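Only a predicted model underlies this, so the values are computations on that prediction, with no experimental measurement involved.
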Amino acid sequence: MTPRFDGRNGRWVGASVPRREDPRLLTGRGRFVDDIQLPGMLHAAFVRSTVAHGTITGIDLSATLAVEGVVAAYTAAELELGDIVALLDRPPEEFSPTAMPILAREKVRFTGEPVALVVARDPYSAEDGVEAAVVDYAPLGAIVSEETAFAERAPLVHEEAPGNVLVDVSMFDTPGVDAAFEAARAVVEVVTNSGRQNALPLETRGVVASWDDRDDQLLVQMCTQVPHQVRTAMARSLRVAERTVRVTVPDMGGGFGQKCVVGREEIAVAAAARRLNRPVKWIEDRREALTAGFLAREQRYRTRAAFDEDGRITALDVDVVCDMGAYSCYPFTAGIEPLMASAEMPSVYQVPEYRVRARAIASNKAPTAPYRGVSRPQYVMAIERVMERAARELGLDPVEIRRRNVITQFPYTGVNAITYDPGTYRESLELAEATIRDEGWYEIRDGAATEGRNIGIGYCCFSERTGYGSGAFAKRKMAVVPGFDISEIRMDTTGSVVVTSGTMNHGQSHETTLAQIVADRLGLHLDQVKLRQGDTERIAYGWGTFASRSVTIGGSAVALAAGKLGELLCTIAAHLLETSPDNVRLDGDGGVVQIDEPDRRASFEEIADVAYLRSHLLPKDVEPTLTATASFDVPGDGTFSNATHAVVVEADPGTGRIKILRYACVEDCGVVIHPQVVDGQCRGGIAQGIAGALFEEITYAGNGEPSAASFIDYLVPTATEIPDISVTHLETPCAFTENGAKGAGEGGTIGAPAAVLNAVNDALRHTGVELDATPVHPQTVLAALDAVRHGEMSIPT
C-alpha cells in the first residue's frame with residue numbers, strides 16, 4: 001500500500017496559494033550573492049581580451065601589482081588550472097572536442113575572453129588594476145558568420161575543429177524523402193534566421209569563494225542553476241576531491257538557462273580564494289554580461305517541405321547551422337542546439353518522411369549556453385513559416401492547413417523516433433482561433449485594410465518537450481548524462497517536514513509548488529513543509545533546473561519521497577493502534593486513522609514522539625527515524641506540453657513600428673500545481689519571446705567587435721511594449737509523472753517568435769513584403785518596403 005492523496009483533489013495542488021517566497025523577496029529581505037559580506041573579503045576583476053581572435057604575445061601585470069589596494073594578479077600559467085572539456089560520445093566526423101581554459105593561454109578566441117585575474121581589497125582597486133594591465137596580441141582573422149566560418153582557407157577558431165565545425169550530425173534520413181518531393185503537389189522552401197541574444201537575468205553571474213583550512217573545504221556561494229555540476233567541474237579543474245568543494249546557492253535573480261552551464265570565472269575566483277586563504281567575491285557587471293557572458297539563439301534553418309493536394313505534409317528536408325561561439329559549454333557541449341533541433345524539428349505535425357543535417361560552428365564570439373527554449377523557438381519558427389507559405393500556395397487558410405497536419409491520435413510515434421504522449425494539439429489551435437474570431441479581430445483586420453492600416457493575425461501551434469529523462473539525454477550521446485532527481489524528506493518531532501530537491505529555484509516558486517505536492521501527499525498544512533535546495537553538502541546529487549524539469553522530475557521525486565514517508569508513518573501508527581498496516585491510512589489532517597474505527601487515530605506528533613523520543617515502542621523492524629529518500633527519472637521519451645499562440649499586430653509602414661494589439665495563449669501543461677505561477681511562467685516566457693521577435697539582438701563587426709556593450713545598444717522591451725496576455729488552460733494529465741504535471745517553463749518563449757512573425761507578415765500581406773528572420777526591427781520593415789518599391793524583393797503570390 002502506498003498512502004497518498006490524489007493531488008488533483010487535494011487541498012493544495014491546483015490552488016493559487018500565496019507564494020511563500022514573496023514576503024522576504026518583496027520586502028527586500030532576500031539574500032543574493034552580492035549581499036554576502038565576509039570578514040577580510042577581497043574583490044576580483046578580470047583582464048579581458050580586446051581582440052576577437054589573436055595570439056597572446058605578452059602579458060605584463062607589473063603595473064597592476066603596483067596599484068594601491070591590489071593584492072594579487074594571476075595569469076593562466078600561475079593558476080595552473082585544468083581546462084573545462086565538454087564531450088559527446090560521437091565519432092570524430094560528428095564531434096570535435098575542444099577545451100575551454102579557465103584563463104586564456106596562448107590564444108584568445110572572442111572579445112571579452114578572460115586573460116588574467118586581479119584581486120584587490122575593494123572592487124574599485126580591482127578595476128584600476130585591470131586598467132593597468134598590458135596585454136599584447138597578434139591579431140588573427142575573425143570568424144563572425146556562417147559564411148566566414150565555411151570560407152575557403154578560413155582561420156580556425158580551434159585547430160581541433162576542421163572547417164570550424166564542432167558538431168555535424170545527420171540523425172534522420174528516411175528512405176522516401178526524395179520520392180515524396182517528386183510526387184508533391186507543392187514544394188515550399190523557407191530560410192529562417194534568428195538573432196543572437198542574451199538571456200538577461202536581472203541578477204548577473206556572481207560568486208563568493210572562501211577557503212576553510214580547518215575543515216579542508218572550499219565554500220563557493222554563487223548563482224547557478226546546476227550546483228552539483230559546478231562542484232564536479234570545479235573540483236576537476238582545481239584537481240581536488242569533490243568533498244573539498246561545497247557549492248551553495250542563495251536566492252537567485254533569474255537564470256533562463258544562462259546559469260545552467262559551468263562558467264570559467266567562478267573557477268578562477270575559487271582558485272584565488274584557495275591560494276590567498278581569503279574570501280574573494282566577483283560580481284559580473286552588465287557590460288561583461290552582454291559581451292562576454294554566455295549568449296544564445298543565432299541559428300539558420302533552410303527548410304524544404306513537400307505537400308500533397310490535400311495540404312498534408314509528406315516530407316521535410318532541413319539544413320540547420322547553429323553559431324555556438326568560441327567554446328562548447330559544459331556539460332551540454334556545442335551539440336545542445338543542433339541535436340535538439342534535429343530530434344524535434346517535426347514539432348506537432350505528422351511528418352511521414354524526414355531528412356535533417358545539423359551543424360554547430362565555432363566563431364569568434366562569446367560562447368553560447370542554453371537559453372529558455374533551446375532551439376525550439378527557432379525550429380518552431382521554421383516549420384510555422386513553412387505552414388504559412390504552403391497555405392498561401394495551396395489556397396488554404398493558415399489555421400486549416402495546421403488542422404489537417406497536427407497530431408490527433410495518441411500515443412503517436414513520429415518519424416523522429418519520439419513517442420508523443422496525449423495532448424490537445426488540435427483543441428488548443430481551434431480554441432485560440434475561436435478566441436480571435438469571436439472577439440471580432442478578423443473583421444477589424446479586414447476593415448483596417450480599407451482604411452490603409454496594416455493589421456495582421458498570426459498563429460503558432462507547437463509542443464514543448466519537458467522533463468527530459470536520462471534516456472532522452474543518452475540518445476544525444478552525451479558523456480555526462482543528466483536526467484534523474486533525488487529527494488529526501490525528514491519529519492521532526494512536531495510533525496513538520498524538511499524536504500530536499502536536486503532542482504534549483506531561480507524564480508519558479510519551488511518553495512511553494514513543491515511544498516504543495518508534499519503537503520497533499522501527507523495531509524500537512526503548507527506551513528509544515530520546508531524546502532531545501534542548492535547545497536551540495538545537504539543534497540546527495542541533483543541535475544538542477546533546466547528544460548522544464550522542476551515539477552515533472554523534481555516534483556515527482558519529492559512526491560515519491562513523501563509517499564515513502566507516509567508508508568513509514570502508517571507502519572508505526574498501525575503498531576501503536578494495534579492493528580494491521582492495511583487497516584490504516586493517512587487522514588489528510590496530519591495523522592493516521594484506523595479505517596474501521598475512524599475515532600482511533602495517531603497524530604504525526606504522536607508518531608514522531610515515539611520514533612525519536614521513545615524508540616523502544618517502535619516495531620522491531622523499524623529504525624528510529626522518520627526519513628525517506630526517493631529518486632525519479634522520466635521513462636522513455638518524456639512528456640510533451642503543447643500550446644497555440646494567437647497574435648494580432650499593427651504595422652506602421654511610415655515608421656516600421658510593430659505594435660501588438662492582442663495576445664492569446666491556449667496551453668496544456670497537464671495538471672496545474674499552482675495556476676497563478678503557471679500564468680506567470682507563460683507571460684514571462686512570452687515577454688522574452690516577443691523580445692526576440694521584435695527587439696533584442698547582438699551583432700558583430702567584421703573584426704569580431706560586439707555591437708552591444710550596454711542597454712543603449714541592446715534594445716530591451718519595457719512594460720509598455722508587452723501587451724496584456726490572456727492564458728487559457730487545457731488539462732491532459734501526464735501518465736509518466738507522479739503528479740500528472742508536464743513542464744511549463746519554456747512554452748511562452750517557444751511560441752512567441754513564430755506567432756509574432758506570422759502576424760507581422762499577415763499585416764504586410766498587401767505590401768509585397770515577406771520576412772523570415774527575427775528580430776523584426778522598425779528599420780527591417782522600412783528596408784523591406786523600400787526593397788519592394790525598387791523591385792528588389794519578389795511579391796508573394
Side-chain angles (χ1 to χ4, degrees), residues 31-48 59 61 64-82 84 101-104 113-133 203-224 227 230-231 233-240 242 244-250 252 259 262-285 288-289 292-293 534-537:
R31 184 171 182 266
F32 299 86
V33 171
D34 202 21
D35 294 321
I36 298 170
Q37 301 294 330
L38 299 176
M41 188 168 69
L42 303 173
H43 297 264
F46 288 90
V47 178
R48 296 186 178 274
I59 303 177
L61 300 179
T64 295
L65 292 169
V67 172
E68 184 178 357
V70 170
V71 174
Y74 303 105
T75 64
E78 290 156 331
L79 287 183
E80 298 181 314
L81 297 170
I84 299 173
I102 305 305
L103 296 174
E113 180 165 13
V115 174
L117 173 66
V118 178
V119 182
R121 295 190 182 93
D122 58 77
Y124 311 105
S125 298
E127 291 292 343
D128 290 342
V130 166
E131 290 295 323
E203 179 193 27
T204 57
R205 292 184 298 152
V207 61
V208 174
S210 54
W211 173 255
D212 187 341
D213 55 6
R214 296 165 299 179
D215 199 30
D216 191 32
Q217 190 173 61
L218 184 67
L219 175 60
V220 181
Q221 302 176 78
M222 60 180 289
C223 46
T224 177
V230 169
R231 181 187 67 179
M234 187 173 288
R236 291 178 180 180
S237 181
L238 293 172
R239 300 182 179 90
V240 299
E242 277 200 40
T244 63
V245 179
R246 178 184 183 184
V247 178
T248 65
V249 184
M252 182 163 40
K259 297 175 184 175
V262 178
R264 59 215 297 200
E265 288 90 347
E266 294 90 339
I267 294 176
V269 169
R274 188 164 180 255
R275 277 175 169 255
L276 296 169
N277 199 19
R278 296 267 299 274
V280 180
K281 175 191 281 190
W282 170 69
I283 301 296
E284 181 183 56
D285 65 31
E288 289 177 302
D535 187 342
T536 59
E537 195 91 324

Side-chain contact, heavy-atom cut-off 4.5 Å: [X] with [Y]?
X      : Y      : answer
Phe46  : Glu265 : yes
Ile102 : Ile84  : yes
Val207 : Gln221 : no
Val230 : Thr536 : no
Asp535 : Arg246 : yes
Glu203 : Met252 : yes
Ile283 : Thr204 : yes
Ser210 : Leu218 : no

Non-hydrogen atoms of [X] and [Y] that approach each other most closely:
X      : Y      : value
Gly40  : Pro279 : O-CD, 4.0 Å
Leu65  : Ala73  : CD2-N, 3.7 Å
Ala44  : Trp282 : O-CD1, 3.5 Å
Cys223 : Val33  : N-CG2, 3.6 Å
Ala209 : Ala273 : O-CB, 3.4 Å
Ala233 : Val262 : CB-CG1, 3.8 Å

Evaluation steps, side chain to side chain contact (heavy atoms under 4.5 Å, CB included), between Val70 and Arg121: CA-CA 6 Å; Val70 170; Arg121 295 190 182 93; over 6 Å; no
Worked verdict on Trp211 versus Asp216 for side chain to side chain contact (heavy atoms under 4.5 Å, CB included): CA-CA 8 Å; Trp211 173 255; Asp216 191 32; 3.4 Å; yes
Side-chain H-bond candidate by donor/acceptor type, Ser125 with Asp128, under 3.5 Å: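 There is no such pair (donor and acceptor under 3.5 Å, judged by atom type) between the side chains of Ser125 and Asp128.
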Distance-only, no hydrogens or angles: does the [X] side chain make a donor-acceptor pair with backbone N or O of [Y] under 3.5 Å?
X      : Y      : answer
Lys281 : Leu42  : no
Thr64  : Val130 : no
Asp215 : Asp212 : no
Arg274 : Gln217 : no

Salt bridge (Lys or Arg N to Asp or Glu O under 4.0 Å) partner of Arg48, the single match among Glu131, Glu127, Glu288, Glu113: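 Exactly one pass, corresponding to Glu288.
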Inter-residue atom distance [X].[atom1] - [Y].[atom2], 0.5 Å rounding:
X      : Y      : atom1 : atom2 : result
Arg278 : Leu38  : CZ    : CG    : 11.5 Å
Thr244 : Met234 : OG1   : CE    : 10.5 Å
Glu266 : Met222 : CD    : CE    : 4.0 Å
Leu117 : Arg275 : CG    : CZ    : 10.5 Å
Ile267 : Leu79  : CD1   : CG    : 11.5 Å

Steps toward side chain to side chain contact (heavy atoms under 4.5 Å, CB included) verdict (Val119, Leu276): CA-CA 10 Å; Val119 182; Leu276 296 169; 3.9 Å; yes
Stepwise side chain to side chain contact (heavy atoms under 4.5 Å, CB included) test for Thr75 and Val115: CA-CA 7 Å; Thr75 64; Val115 174; over 6 Å; no
